[in-house]
Every structure is written in structure tokens, then in C-alpha cells.
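In what follows, a single structure is set out as C-alpha cells and then discussed.
All heavy atoms count here, side chains included; hydrogens, waters and symmetry mates do not.
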Amino acid sequence: MKYALISTFDKTGLEPLVRELSVVGYRILSTGGTAKYLRNIGFQIIDVSEYTGTPEVLGGRVKTLNPKIFAGILSRRENIDDAADLEKIESYPIDIVVCNLYPFEETTAKPDCTLESAVEQIDIGGVTLLRAAAKNFKDVFVLSSSDQYQEFIERISNGRFDKDYRKKLAVKAFKKTMSYDTAISGYLSGESDTGSKTSELLDETIKPTTIQELRYGENPHQKANLYSFGMNDVPINLLQGKKLSYNNILDADAALETILEFDKPAAVIMKHLTPTGIAISSNIKDAYLKAFECDKVSPYGGIFAFNREVDPETAKEVSKLFAEIILAPSFSDGAMDVFAKKKNLRLLTFDPKISTTKVRLRGTAFGVLAQEADKSLFSEMKIAGTATVSEVDMEELAFGMLAVKHVKSNAIVLTKGFATIGVGAGQPNRVASANIAANQAGEKAIGSYLASDAFIPFADTVETAKKAGIKAIIEPGGSIRDQEVIDKANELGIGLVFTGQRHFLH
């Protein structure tokens with residue numbers, strides 16, 4: 001007989017999963033509310049209490065904690081003595097455990113939560129089920145989240161179960177229990193405020209694991225490694241070239257985050273975490289040439305990123321320069337032939353549909369900072385001045401804001417024809433960044449667009465824009481001197497658009 005145990009608080013997605021398990025011949029063991037729910041939608045369920053011969057007690061506090069259940073989960077299928085022990089207690093192997101936990105964090109996040117109600121939401125049996133099933137992942141599948149059900153259904157229909165998949169499920173379960181215990185200990189030790197906020201941002205707390213040892217850090221005298229914290233890390237698919245260094249990974253990360261912003265064919269050239277050129281066009285070769293025009297000096301030794309397959313013609317153009325990394329979803333055979341002549345050149349691929357981490361970590365002397373990744377662009381597109389701003393202008397300004405959010409603050413970017421033509425980055429005041437961008441653009445700045453990552457605090461930046469010949473400005477707004485900036489833009493005939501959203505990048 002084949003058994004699956006299902007004990008969940010959240011019933012999301014259970015119906016199609018249980019239907020598939022029933023079709024392929026599993027007998028379903030379940031408890032309390034889960035058993036009632038499944039019966040009500042037409043499934044035949046065996047109550048755990050019926051299977052174990054022991055009723056639920058203590059008002060449901062003890063349901064699954066029974067030797068027949070845990071022997072069935074933990075038994076090693078190839079072990080003769082384990083099989084004999086199962087026979088003695090009339091137990092059977094349980095091959096699948098589907099379990100999620102009482103909503104402790106959701107409960108304690110409520111302002112009226114009492115200690116008594118919090119304690120009642122501490123799951124005991126569920127955590128034990130997850131840990132037992134995860135420990136025996138060689139023989140048992142453990143589903144700890146409803147977002148795992150669909151893949152499991154697809155795999156069970158064609159028998160596509162490998163060791164790596166089983167192990168992945170086990171790791172997820174252990175992450176769940178660790179995060180759960182961290183939330184409980186934080187709450188009970190009087191740290192519920194900071195604890196709940198942290199758990200909302202970092203939904204999983206795990207021990208870091210080493211991905212690879214790096215040659216050195218930012219400088220040769222600094223040791224460095226690359227670690228995983230289990231936060232949806234993008235795999236390193238290195239097709240060619242030397243091993244990645246610390247700085248390579250930093251720049252590749254910045255290039256990847258930037259190139260993923262664009263739907264149209266795009267090219268990004270990154271150097272020391274700063275874009276030297278960003279452009280979109282009808283094809284990546286043209287996008288690259290436009291991005292390169294922004295700054296023809298700095299790209300030497302940079303990272304070149306594309307959001308389309310690199311073709312031979314684009315490869316020939318890029319090969320005219322020394323590059324550290326070429327990053328793209330794929331490379332055509334012809335492009336690979338071009339790059340093969342440069343054996344040290346690193347070629348990296350990525351899935352263009354990939355979802356990069358939602359949380360960004362940064363170590364400080366005071367502790368590790370964690371924040372949500374900056375995934376949005378603006379909360380509005382509001383014309384703030386009196387000068388005309390057309391739909392075409394709006395599209396160009398939106399492109400500029402997409403570009404400037406990936407430039408170090410204080411950041412100013414000038415764009416024209418959906419390509420950067422001037423980049424001012426990392427200055428302690430905004431007008432200095434504006435002057436750098438305008439000087440870089442030169443005469444190309446006439447009729448261009450200015451994007452600012454944060455509000456423009458003084459009218460001097462608008463005056464700089466006028467001298468350069470800029471047509472319109474996009475910025476978040478929100479300064480106490482907004483009206484001064486608006487008045488100056490109106491006086492000088494420069495279009496002005498507020499977005500309501502800042503994009504500092506320190």
C-alpha cells in the first residue's frame with residue numbers, strides 16, 4: 001500500500017494535488033480540519049486517529065505524534081530491520097508528507113495578539129512532520145508550501161523524480177522550520193517588533209553555504225568567497241573564460257539587474273558598478289552601438305550585457321574592445337566562434353525570465369542591512385510645469401528613469417533617442433552630477449532629456465539643464481523647494497515631470 005500524509009493549516013491548492021495522488025494509487029492519511037475539508041470536496045480519507053488506533057487528545061494538540069506515523073516516515077526502505085519494526089507495530093511506509101504550519105507570525109503581527117493566543121499558534125506536530133520527512137528525503141517527498149504542488153503534480157505524472165529534486169524539497173522544509181523557530185524565539189524573548197519585520201522581509205533564515213572561493217576581494221590582499229543565503233540565487237552559467245572574481249560578480253550583478261529592466265532589445269555597458277552606456281533599439285547590435293557612443297573610453301575592461309541572443313555581427317563589434325564579461329541569455333554558434341579567439345573572455349548566460357532576489361543584503365560594522373530590492377519605477381507620471389510634454393517625451397523620460405535608477409547616487413542621466421548620452425554618478429551634490437552628465441554629452445545634449453534619481457533640491461540644476469539645451473526633466477519631486485524648481489522650469493521653458501518615487505543607489 002502507498003500512503004501520503006496531509007496535514008495543513010492553509011488548504012490552498014490541495015484539491016488538484018490530492019486528486020493526482022488518488023489517481024496514482026495513494027491512500028490519504030489526514031487529520032482534523034484537513035480531513036474534513038478533503039471529505040467535503042469528495043475524497044476518501046483515512047483519519048490518522050483511525051490508522052494509529054489513538055484518538056486526537058488535548059483539544060487537537062496531539063494528533064500525529066505517534067510511532068506508527070513517524071516510523072512510517074523515517075523507515076529506511078532498503079533496511080530489513082526497519083521493515084521488521086514496521087510490521088511489529090502494524091505500520092506502513094509513508095512516502096509523501098504534505099504539511100504547512102500554524103500561522104504564528106501572522107497571529108503575532110496583529111496588534112491585539114496576546115501571549116496565550118500566540119502560544120496556541122506554535123505548531124509542534126507539523127514542524128516534527130516536516131523535519132522527519134526532510135531527514136528521510138531519500139525515500140520521502142516533503143511538500144512544505146503550496147507553491148510546490150504544481151511541479152510535484154507534473155513530476156508524479158511522468159515519474160521524473162531525481163535525488164536533487166528530493167533534496168531541494170528537504171532543504172525548503174528545513175528552511176521553513178528554521179524560520180518558524182526564529183520567529184517564535186524572537187517573539188518570546190521580547191523582540192516581536194523587530195522579529196516580525198525581519199521575518200516579513202527575510203521569509204527564510206538559513207545558514208550560509210559557500211558557492212565558490214574567489215581569488216581575492218576588491219583588492220589582492222583581501223580574502224573573499226561567494227555565499228548563498230538561499231534567496232533565489234541566479235546560477236552562474238560560465239560558458240567560457242577565467243573564473244569570476246569578486247569585482248566581476250559585483251559588476252555582473254549590476255549589469256544583470258539593469259538589463260532585466262527592458263523589454264525591447266537592450267544593451268548595457270557596466271564599469272565599476274556604474275553604467276557607462278544604456279540603450280534600447282530594434283536589435284541588440286544597434287542598441288550596443290548607441291550605448292557605446294555615450295562613453296567610448298570607460299568601457300575598456302567592462303561588462304557588456306544584452307537581453308537577446310548575441311549574434312555574430314554584435315560579437316564582432318564587442319570584440320573590438322577588451323571586455324571582462326559578456327552577459328546574455330544565449331550566444332549563437334557564430335558568436336561563440338568569434339569569442340573563442342579570446343580564451344580569457346568570460347561568457348555568462350542567464351534566463352531572461354529569471355526573478356532575481358527580492359531582498360538585498362549589505363554588511364556594515366553595525367550589523368547586516370536588509371532591504372527590499374528596488375523593483376518598481378514610479379507611482380505616477382505627473383506633468384508639474386507648464387511647458388508641453390508630449391507622449392513621445394514621456395516615453396523617453398520613462399527610459400531615462402529606468403536608466404538612472406541603476407546609477408550611483410547622486411545620479412543624473414541624459415538620454416536621447418532611447419540611449420544614454422551623459423552619466424553623472426556618485427557626487428555629493430546633484431548639480432555636480434548634472435554638470436558631469438552635460439559635459440559628457442556636449443552638443444548631443446541639445447534636445448535631450450534629464451532624469452534625476454531623487455528630487456532636485458535647488459533651481460541650479462534646472463539652470464544647468466537649460467545651458468546644456470535639455471528639453472525636459474523627470475524627477476521624483478517631494479522637495480520643500482519643489483515650487484522653486486517648477487517656477488524655474490516654467491521660466492526657462494523646460495518640461496518637468498514628477499514621479500513620486502525616489503531611486504537612491506548607494
>> Just so I know, are the side chains of Lys342 and Phe322 near enough to count as touching, which here means a heavy-atom distance under 4.5 Å?
In response: no
>> Tell me if a side-chain donor or acceptor on Gln240 pairs with a main-chain N or O of Phe339 at a distance below 3.5 Å.
In response: yes
> Side chain of Asp123, backbone of Tyr102: donor and acceptor closer than 3.5 Å?
Replying inline: yes
> Can you tell which of Asp393, Ile470, Val389, Val413 makes a side-chain contact (heavy atoms from CB on, under 4.5 Å) with Tyr449?
Replying inline: Asp393
> Would you say the side-chain atoms of Ser409 pair up with the backbone N or O of Leu505, donor to acceptor, closer than 3.5 Å?
Replying inline: yes
>> Looking only at the side chains, is there a donor atom on one of Thr8 and Asn100 sitting less than 3.5 Å from an acceptor on the other?
In response: no
>> Can you tell whether the side chains of Lys290 and Glu293 come within less than 4.0 Å, N to carboxylate O?
In response: no
>> Can you confirm whether Val310 sits close enough to Phe304 that some side-chain heavy atom of one is under 4.5 Å from a side-chain heavy atom of the other?
In response: no
>> Quick one, Thr420 and Pro275 - any side-chain contact, counting heavy atoms below 4.5 Å?
In response: no
> Going through the checks in order, is the salt bridge (charged side-chain N to carboxylate O under 4.0 Å, His left out) test met by Lys168 and Glu151?
Replying inline: CA-CA 12 Å; Lys168 182 176 76 169; Glu151 181 181 3; 3.6 Å; yes
> What is the minimum heavy-atom distance between Ala305 and Ala255, and which atoms define it?
Replying inline: CB-CB, 3.9 Å
>> Less than 4.5 Å apart, side chain to side chain, heavy atoms only: is that true for Ser245 and Tyr216?
In response: no
> Hey, are Glu218 and Gln222 close enough side-chain-wise for a donor-acceptor pair under 3.5 Å?
Replying inline: no
> Can the ring centres of Phe498 and Phe455 be said to be less than 6.0 Å apart?
Replying inline: no
> Would you call the rings of Phe418 and Phe399 parallel, tilted or perpendicular, where under 30° means parallel and over 60° means perpendicular?
Replying inline: perpendicular
> Counting N and O atoms only, with roles assigned by atom type, does the side chain of Thr464 sit under 3.5 Å from a partner on the main chain of Asp460, one being a donor and the other an acceptor?
Replying inline: yes
>> Applying side chain to side chain contact (heavy atoms under 4.5 Å, CB included) to Val423 and Cys294, what does each step give before you reach the verdict?
In response: CA-CA 8 Å; Val423 178; Cys294 180; 4.2 Å; yes
>> For Phe174, does the six-membered ring have the charged nitrogen or CZ of Arg131 within the cation-pi criterion, i.e. under 6.0 angstrom from the centroid and within 45° of the normal?
In response: no
>> Testing the 3.5 Å rule here: is there a donor-acceptor pair between the side chains of Glu261 and His406?
In response: yes
> Arg430 versus Ile412: any side-chain heavy-atom pair under 4.5 Å?
Replying inline: yes
>> Within the structure provided, determine whether Pro312 and Ser332 are in side-chain contact (heavy-atom separation under 4.5 Å).
In response: yes
>> Is it the case that the side chain of Lys11 and the backbone of Phe9 share a donor-acceptor pair, with hydrogens and angles ignored and the cut-off at 3.5 Å?
In response: yes
>> Checking Val98 against Tyr149 for the side chain to side chain contact (heavy atoms under 4.5 Å, CB included) test, could you report, in this order, the C-alpha distance in whole Å, the side-chain angles of both residues, the deciding distance, and whether it holds?
In response: CA-CA 9 Å; Val98 183; Tyr149 296 169; 3.4 Å; yes
>> Tell me the closest heavy-atom pair linking Gln212 and Lys243, and the distance in Å.
In response: NE2-CE, 3.8 Å
>> Using the rule given for side chain to side chain contact (heavy atoms under 4.5 Å, CB included), can you reason through Val485 versus Phe458, listing the C-alpha separation, both sets of side-chain angles and the distance that settles it, and then say yes or no?
In response: CA-CA 6 Å; Val485 172; Phe458 300 102; over 6 Å; no
> What residues form a salt bridge (Lys or Arg N to Asp or Glu O under 4.0 Å) with Asp253, not counting sequence neighbours?
Replying inline: Arg360
> Roughly how far apart are Ile278 CD1 and Ile421 CD1, rounded to 0.5 Å?
Replying inline: 13.0 Å
>> If we count only N and O atoms by modelled type, under 3.5 Å, do the side chains of Thr276 and Asp295 hold a donor and an acceptor together?
In response: no
>> How close do Ala468 and Ala438 get, counting heavy atoms only, and between which atoms?
In response: CB-CB, 3.9 Å
> Regarding Arg166 and the six-membered ring of Phe141, is the cationic atom NZ or CZ under 6.0 Å from the ring centre and inside 45° of its axis?
Replying inline: yes
> So, for Ala454 and Phe504, which heavy atoms are closest and what is the spacing to 0.1 Å?
Replying inline: CB-CE2, 3.5 Å
>> Within a 6.0 Å radius of atom CD on Glu391, are there more than 12 heavy atoms belonging to other residues, nucleotides or ligands?
In response: no
> Side chains of Thr12 and Asp10: is there a donor and an acceptor less than 3.5 Å apart?
Replying inline: yes
> Should Glu317 and Leu289 be marked as a side chain to side chain contact (heavy atoms under 4.5 Å, CB included) after you check the CA-CA gap, both sets of side-chain angles, and the distance that decides it?
Replying inline: CA-CA 8 Å; Glu317 289 294 336; Leu289 293 173; 3.7 Å; yes
> Does Lys176 come within less than 4.0 Å of Asp181, counting only side-chain N to carboxylate O?
Replying inline: no
> Does Asn307 use its side chain to pair, donor to acceptor, with the backbone of Ala266 at less than 3.5 Å?
Replying inline: yes
> Just wondering, do Val497 and Met394 contact through their side chains at under 4.5 Å, heavy atoms?
Replying inline: yes
> Can you tell me how far the CG atom of Leu226 sits from the CD1 atom of Ile211, to the nearest 0.5 Å?
Replying inline: 4.0 Å
> Do side-chain atoms of Asn490 reach the backbone of Thr386 as a donor and acceptor pair under 3.5 angstrom?
Replying inline: yes
>> How long is the straight-line distance from CZ of Arg346 back to CG of Leu327, given to the nearest 0.5 Å?
In response: 13.0 Å
> How about Leu239 and Leu348: do any of their side-chain heavy atoms sit closer than 4.5 Å?
Replying inline: no
>> Just verifying a value: how many Å separate Thr177 OG1 and Leu130 CG, rounded to the nearest 0.5 Å?
In response: 7.0 Å
> If only atom types and distance count, is the side chain of His503 paired as donor or acceptor with the main-chain N or O of Met401 below 3.5 Å?
Replying inline: no
>> To the closest 0.5 Å, what do you measure between CD1 (Ile269) and CG (Asp251)?
In response: 13.0 Å
> What are the two closest non-hydrogen atoms of Ala291 and Ala279, and how far apart are they?
Replying inline: N-CB, 3.7 Å
> Is there a donor-acceptor contact under 3.5 Å linking the side chains of Glu309 and Ser330?
Replying inline: yes
> Between the side chain of Lys316 and the main-chain N/O of Val338, is any donor-acceptor distance below 3.5 Å?
Replying inline: no
> Is there a donor in the side chain of Ser376 and an acceptor in the side chain of Gln501, or the other way round, less than 3.5 Å apart?
Replying inline: yes
> How many angstroms lie between atom NZ of Lys175 and atom OG of Ser145, to the nearest 0.5 angstrom?
Replying inline: 12.0 Å
> Taking Gln148 for the side chain and Ser146 for the main chain, is one N or O donor matched with an acceptor at less than 3.5 Å?
Replying inline: no
> Does a salt bridge link Asp162 with Arg155, judged by any charged N lying under 4.0 Å from a carboxylate O?
Replying inline: yes
> Does the side chain of Glu396 pick up a donor-acceptor pair with the side chain of Thr415 at under 3.5 Å?
Replying inline: yes
>> Which heavy atom of Ala328 sits nearest to which heavy atom of Arg308, and what is that distance?
In response: CB-O, 3.9 Å
